[in-house]
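The structure appears below as structure tokens.
Order of listing sets the numbers, starting from 1, for every ligand and every atom in it. Small disclaimer: the values here were computed from a predicted structure and weren't measured.
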Amino acid sequence: MRELITHIQQEGVVVNDDVLKVNSFLNHQIDPQLMQKIGAAFHAEFANHPITKILTIEASGIAPALMTGLAFKAPVVFARKSKSATLTDGNYAASVVSYTKHTTNQVIVDRQFLTADDHVLIIDDFLANGAAVHGLIDICNQAHCHLDGIGIVIEKAFQPGGKALRAEGYPLKSLVRIKSLANHHVTFMED
Ligand code: 5GP
């Protein structure tokens with residue numbers, strides 16, 4: 001997605017060889033017009049699927065997921081980070097290691113918002129090791145819903161998550177794939 005690449009080139013901050021900050025349009029301040037185009041791009045990619053739910057994880061997945069839900073006219077469910085490790089009967093739950101905070105969170109989704117009849121598109125902002133997406137897949141499996149696809153705004157292709165998910169056979173679409181963040185420079189796969 002050319003416009004997203006331009007935003008990353010102009011506004012992205014390479015924190016170190018592993019982490020990219022895009023706080024000016026995605027992770028702190030949000031650019032609604034760009035999010036709308038991101039939603040439209042995911043819709044174009046998965047338009048032939050009968051998507052009934054968009055599933056993401058709080059907080060940074062919500063903006064692109066919401067605009068994707070708008071494009072599909074489908075509700076958006078976000079997995080909530082739960083302080084309590086005790087599972088309540090009404091929730092699906094999964095453990096997710098946070099890439100940026102190095103902590104393990106229990107994430108939960110209320111059972112009433114995801115059922116076996118649902119066709120789900122998972123959306124998230126970044127893909128690194130794949131822990132967040134695997135947690136959401138775990139929740140989909142618990143709900144016995146149909147996972148139609150996974151949409152990622154920015155995949156760091158030099159980290160193992162994308163390769164693992166493709167090897168596992170999941171339909172994965174990343175709008176931008178980053179080859180390297182070395183030398184404080186963003187190199188894209190397309191370069
Ligand atoms: P994973 O679970 O795939 O290891 O990491 C993905 C999650 O960690 C995303 O939900 C995202 O919030 C966060 N994340 C991973 N890498 C980055 C990064 O380089 N920049 C930002 N802003 N978030 C990241």
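For atom 11 (C) of ligand 1, the nearest non-hydrogen atom of the protein is Asp125 OD1, 3.4 Å. In this structure, the protein non-hydrogen atom closest to atom 15 (C) of ligand 1 is Tyr99 CD2, 3.3 Å.
Heavy-atom proximity to Ala131, at under 4.0 Å, picks out these atoms of ligand 1: 1 (P), 2 (O), 3 (O), 4 (O). For ligand 1 and Asp124, the ligand atoms under 4.0 Å from any heavy atom of the residue are 9 (C), 10 (O). Near Asn27, with a cut-off below 4.0 Å to any heavy atom, the atoms of ligand 1 are 22 (N).
If you look at Val133 next to ligand 1, there are no close heavy atoms at all, none under 4.0 Å. The residue Gln159 has no part lying near ligand 1, judged by heavy-atom distances below 4.0 Å.
At a 4.0 Å cut-off, at least one heavy atom of Lys156 sits close enough to ligand 1 to count as contact. Within the structure, ligand 1 has Gly130 among the residues with a heavy atom less than 4.0 angstrom away.
Nearest approach of Ala41 to Met1, heavy atoms of both residues: CB-SD, 4.3 Å.
Between the side chains of Ser98 and Asn105, not a single donor N or O lies within less than 3.5 Å of an accepting N or O.
Taking OG1 of Thr68 as the start and CE of Met35 as the end, the distance is 9.5 Å to the nearest 0.5 Å. Rounded to the nearest 0.5 Å, atoms CD1 (Ile122) and CD1 (Ile54) are 10.5 Å apart. The CD atom of Glu3 sits 11.5 Å away from atom CG of Leu175, with the distance rounded to the nearest 0.5 Å.
Looking at Lys173, its side chain never comes within 3.5 Å of a backbone N or O of Glu45 through a donor-acceptor pair.
For Gln36, the CD atom sits in a loose shell: 12 or fewer heavy atoms of surrounding residues, nucleotides or ligands are nearer than 6.0 Å.
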